[in-house]
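Numbers for residues simply follow the sequence, beginning at 1. Side chains included, hydrogens not; waters and symmetry mates left out as well; all remaining heavy atoms used.
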Amino acid sequence: MKTNKSVAFLTLGCKVNQIETQSMSKLFRQAGYAVKEFGEDADIYVINTCSVTAVGEKKSRQQIRRAHRMNPGAVIAVTGCYAQLAPEDVAAIEGVGLVIGIRDRQNIVRLAEEAAESYARERRAATRVENIRDAHEFEELTAADDLKGDAAPRHRTRAFIKIQEGCENFCTYCIIPYTRGPLRSRRLNSIQQEVRQLAGEGYREIVITGIHLGAYGRDFGDGTTLADAVETVLSEKSFARVRLSSLESLEVDDRLLKLMKGEPRLAPHFHLPLQAGSDEILRRMNRHYTTGEFIALAERLRKEIPSLALTTDIIVGFPGETEGMFAETLKNAELIGFSRIHVFPYSIRPGTPAATMPDQVPEPIKKERVHRLEQVGEKTAALFRQSAIGEVKEVLIEAIDSAEGIADGLTDNYLRVYCDGSGQKSGEIVPLRLEREYRDGLWGEMLSR
């Protein structure tokens with residue numbers, strides 16, 4: 001199918017949103033649309049929104065208005081968490097022709113085209129947002145792009161495959177259960193089909209992801225778990241590497257750990273959000289573990305997999321967090337020795353229990369605590385890097401700076417490594433001896449292939 005029409009995308013928020021945007025982009029390409037950069041003039045703008053924080057919603061509104069200014073005659077289709085949570089507010093923004101939430105996006109091309117016609121007549125947005133609590137089936141959106149020949153990307157390194165949707169943890173600071181709905185898992189045969197396609201497109205690494213990834217299979221009620229999905233992905237032998245995205249610490253079971261120990265292609269890397277190093281704050285957050293349990297798990301994982309990278313998320317300045325509680329977080333973060341800490345100041349998210357909790361922490365204190373925890377994170381990350389000096393690691397080359405003559409990529413345990421870019425190609429995996437610290441990672445010297 002050919003058309004002279006064009007579409008441009010903008011994605012806010014998480015990696016799952018980015019994967020879903022790739023899937024929608026594929027649908028428009030298959031319908032013959034030219035995909036443009038968001039700053040360019042286009043017939044349709046698709047804005048995939050975020051609602052994790054009030055700031056995310058503000059940015060979403062700003063980008064919708066920006067699209068309308070760029071081309072007042074374009075159709076603006078708004079999807080994602082903000083569209084799901086507040087469809088009336090989104091529909092009221094000038095220029096919005098379609099509000100679609102997070103379901104029915106496999107029909108976005110048809111819906112956007114229909115919205116273009118109706119908006120031209122009525123100047124009113126079409127809204128397709130259903131009650132997310134009624135969602136019980138995984139929405140089949142594939143990120144594989146089907147592009148071949150000259151249209152295919154020149155270098156393929158890492159692909160993301162979404163296998164799970166929804167969350168029912170109801171952490172007191174999080175809106176996601178209200179925007180993403182109940183648990184829905186992707187069938188194993190569907191996972192296998194996309195994995196085969198991604199393998200045929202030449203990707204070297206696959207990242208398995210979801211909203212609450214560790215809950216994969218729970219909704220099937222037949223004993224299927226994340227380990228089954230990982231085995232399904234690993235059954236495609238052409239991938240050099242398979243990596244897991246974020247998991248809850250309680251969901252690292254013996255079978256998953258055995259897979260990581262026994263399968264060299266399964267990257268030795270767990271991203272386990274700690275969120276707070278104080279048991280009292282974890283209780284207020286409605287997190288279902290203690291710091292002692294998390295520390296014990298970290299010790300066990302490192303004993304079983306010595307090269308393991310353990311990364312995390314931590315929120316500081318949660319309501320009621322005293323200086324003493326924050327000191328516990330500092331102490332425990334250093335004790336665990338994360339290879340990377342993503343630090344977030346607590347942000348009030350209207351509609352969540354934490355938003356109305358007493359003892360909200362003033363912004364200047366949050367800012368100061370973020371800085372102190374980041375210093376701990378820099379220290380533990382440096383120790384992890386230094387522990388790898390002298391090792392030989394396989395590095396997946398991702399980018400080449402021709403001006404500087406430097407290439408960089410990641411090891412299986414998530415270390416950023418830089419090297420001489422001469423003769424390197426993006427998407428190749430090369431053996432490098434890790435020599436010294438360099439920038440935010442290490443410098444590697446090439447070994448004979």
Q: Could you tell me whether Glu137 and Arg187 have a side-chain N and a carboxylate O separated by less than 4.0 Å?
A: no

Q.
As an exercise, state the distance from CE of Met260 to CG of Leu244, rounded to the nearest 0.5 Å.
A. 5.0 Å

Q.
Can you confirm whether the side chains of Tyr82 and Arg61 place a donor and an acceptor under 3.5 Å from each other?
A. yes

Q. Do Arg369 and Val361 touch side chain to side chain, with heavy atoms closer than 4.5 Å?
A. yes

(Q) Test your reading of the model: is there a side-chain donor-acceptor pair from Asn71 to the backbone of Ala42, 3.5 Å cut-off? (A) yes

Q: Looking only at non-hydrogen atoms, find the nearest pair between Val395 and Gly409 and report the distance.
A: CG1-C, 3.7 Å

Q.
Check Glu394 with Arg204, please: is the shortest side-chain N to carboxylate O separation under 4.0 Å?
A. no

Q. When you measure from the side chain of Thr79 to the backbone N and O of Asn48, does any donor-acceptor pair fall under 3.5 Å?
A. no

Q | Arg255 atom CZ, neighbour heavy-atom count above 12 within 6.0 Å | A | yes

Q: Give a yes or no on whether a salt bridge exists between Glu236 and Arg196, defined as a side-chain N under 4.0 angstrom from a carboxylate O.
A: no

**Q.** Heavy-atom pair of closest approach, residues Asp412 and His269
**A.** O-CB, 4.1 Å

(Q) Just checking Tyr203 against Phe239, ring centres under 6.0 Å apart? (A) no

Q: Using a strict cut-off of less than 4.0 Å between a Lys/Arg side-chain nitrogen and an Asp/Glu carboxylate oxygen, indicate whether Glu398 and Arg416 qualify as a salt bridge.
A: yes

Q. For Gln63 and Arg66, does a side-chain donor sit closer than 3.5 Å to a side-chain acceptor?
A. yes

Q) Between Asp104 and Arg128, is there a side-chain N and carboxylate O pair less than 4.0 Å apart? A) yes

Q) Is the Lys NZ or Arg CZ of Arg439 less than 6.0 Å from the centre of Tyr418's six-membered ring, within 45° of the axis? A) yes

Q: State plainly whether the residues Glu363 and Lys367 are in salt-bridge range, i.e. N to O under 4.0 Å.
A: no

(Q) To check you understand the geometry: which heavy-atom pair defines the closest contact between Gly277 and Asn332, and what is its length? (A) O-ND2, 2.8 Å

Q.
Side chains of His288 and Glu248: any donor to acceptor distance under 3.5 Å?
A. no

Q) So, Asp279 and Thr291: side-chain donor and acceptor under 3.5 Å apart, yes or no? A) yes

Q) Does the side chain of Ser51 pick up a donor-acceptor pair with the side chain of Glu57 at under 3.5 Å? A) yes

Q: Answer yes when Arg186 and Glu194 have at least one side-chain N-carboxylate O distance shorter than 4.0 Å, and no when they do not.
A: yes

(Q) Checking side-chain polar atoms at under 3.5 Å, does Thr11 have a donor or acceptor matched by the opposite partner on Thr21? (A) yes

Q. Do Lys15 and Gln18 meet the criterion of a side-chain donor-acceptor pair at a distance under 3.5 Å?
A. yes

